Trainee: 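A single structure is presented below for examination.
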Amino acid sequence: MGKNLVFMPECHSTNTHALQLCQQKQSVEGTVVITNNQTAGRGQRGNTWEAEPGTNLTFSLILKPTFLLASEQFMLNRAVSLGIADFLRSQLPKAVKIKWPNDMLVQEKKICGVLIENVIQGSGLSAAVVGIGLNINQHRFSNARATSLHLQTGILYDLSTMLDELLHCLEVYWLMLREGRHETLNELYLEQLYAKEETRLFKAGTEVFEGAITGVDAVGRLVINTAFGERVFGMKEVEFVY
Ligand code: BTN
């Protein structure tokens with residue numbers, strides 16, 4: 001991972017650029033598309049991703065998970081989340097949690113967001129673009145629920161060293177995924193899942209309800225236990241109410 005590096009001082013979205021490379025069939029597996037200044041970063045649920053230029057990691061990794069069925073695509077989310085969580089844990093003494101589907105939280109604050117865009121061919125995956133926005137040295141955020149490594153430790157980090165170490169952690173779980181170790185990945189993901197088995201308020205559409213997360217099913221839906229029984233929700237269907 002990262003042996004082939006496409007660096008752009010500025011770009012709209014590294015995910016969009018990486019997807020274009022995939023469409024043009026010019027993508028080598030493990031390619032990293034990275035920028036210092038992402039001007040139209042894309043997030044989950046159609047949100048934008050803002051990052052101060054030159055202070056954070058904003059990059060996309062091209063993978064070829066051709067061994068996964070389209071119905072198994074959430075396994076890649078699990079593997080990527082676990083890799084990032086390991087990396088964060090290697091830098092921070094504090095608890096790191098994975099907020100479903102794959103936000104990274106440190107002390108309840110978001111330090112990293114992931115946008116995975118899969119290229120589906122028939123019943124399989126021909127490519128995947130793993131977009132990662134990891135807050136490293138930024139020290140001011142407009143959102144009070146955001147944080148960075150620097151804010152957590154006071155250290156100023158070298159971005160390229162951080163990228164190398166993160167890619168190494170991602171590779172460990174990518175290899176596990178390639179070996180078909182789904183059960184292990186499921187267990188590890190569940191162990192680190194934010195708010196698991198804690199009673200919380202959730203919002204689905206206009207409905208607000210109480211429940212406790214019990215797990216994530218095979219297709220990546222969040223499973224919540226409520227007073228009226230177990231309910232499952234897809235990625236855009238439910239959110240936490242704080
Ligand atoms: C989220 O939390 O909503 C996901 C954010 C993902 C942001 C990253 S930054 C690099 C890559 N390029 C993008 O346009 N988005 C992802």
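Just follow the structure's listing: the first ligand is 1, and inside any ligand the first atom is 1. Owing to the predicted nature of the structure, the values given are computational and were not obtained by experimental measurement.
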Trainee: Sort and list the pairs that fulfil side chain to side chain donor-acceptor pair (under 3.5 Å) and have at least one residue in residues 118-130, not counting sequence neighbours.
Mentor: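 Every side chain to side chain donor-acceptor pair (under 3.5 Å) pair that includes a residue of residues 118-130, provided the two are not neighbours, is Gln73-Asn118.
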Trainee: Taking only residues two or more places apart in sequence, or in another chain, which ones meet Ser71 in a side chain to side chain contact (heavy atoms under 4.5 Å, CB included)?
Mentor: Leu69
Trainee: Report yes if some heavy atom in the side chain of Ile213 is under 4.5 Å from a heavy atom in the side chain of Val223; otherwise report no.
Mentor: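 Sidechains of Val223 and Ile213: no contact.
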Trainee: Sort out the contact shell of ligand 1: every protein residue with a heavy-atom distance below 4.0 Å, listed by chain and number.
Mentor: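 Those residues closer than 4.0 Å to ligand 1 by some heavy atom are Ser13, Thr14, Asn15, Gln38, Gly41, Arg42, Gly43, Gln44, Trp49, Thr58, Phe59, Ser60, Asp103, Lys110, Gly113, Val114, Leu115, Gly131, Ile132, Gly133.
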Trainee: How are the rings of His139 and His150 set relative to one another: parallel (under 30°), tilted (30 to 60°) or perpendicular (over 60°)?
Mentor: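 The arrangement is perpendicular - the two ring planes meet at more than 60°.
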Trainee: Side-chain donor-acceptor contacts of residues 176-186 below 3.5 Å, not counting sequence neighbours, with atom names and distances?
Mentor:
from	atom 1	to	atom 2	distance (Å)
Asn186	OD1	Arg78	NE	2.9
Asn186	ND2	His182	O	3.4

Trainee: Give a yes or no on this: more than 12 heavy atoms of other residues, nucleotides or ligands lie within 6.0 Å of atom NZ of Lys203.
Mentor: no
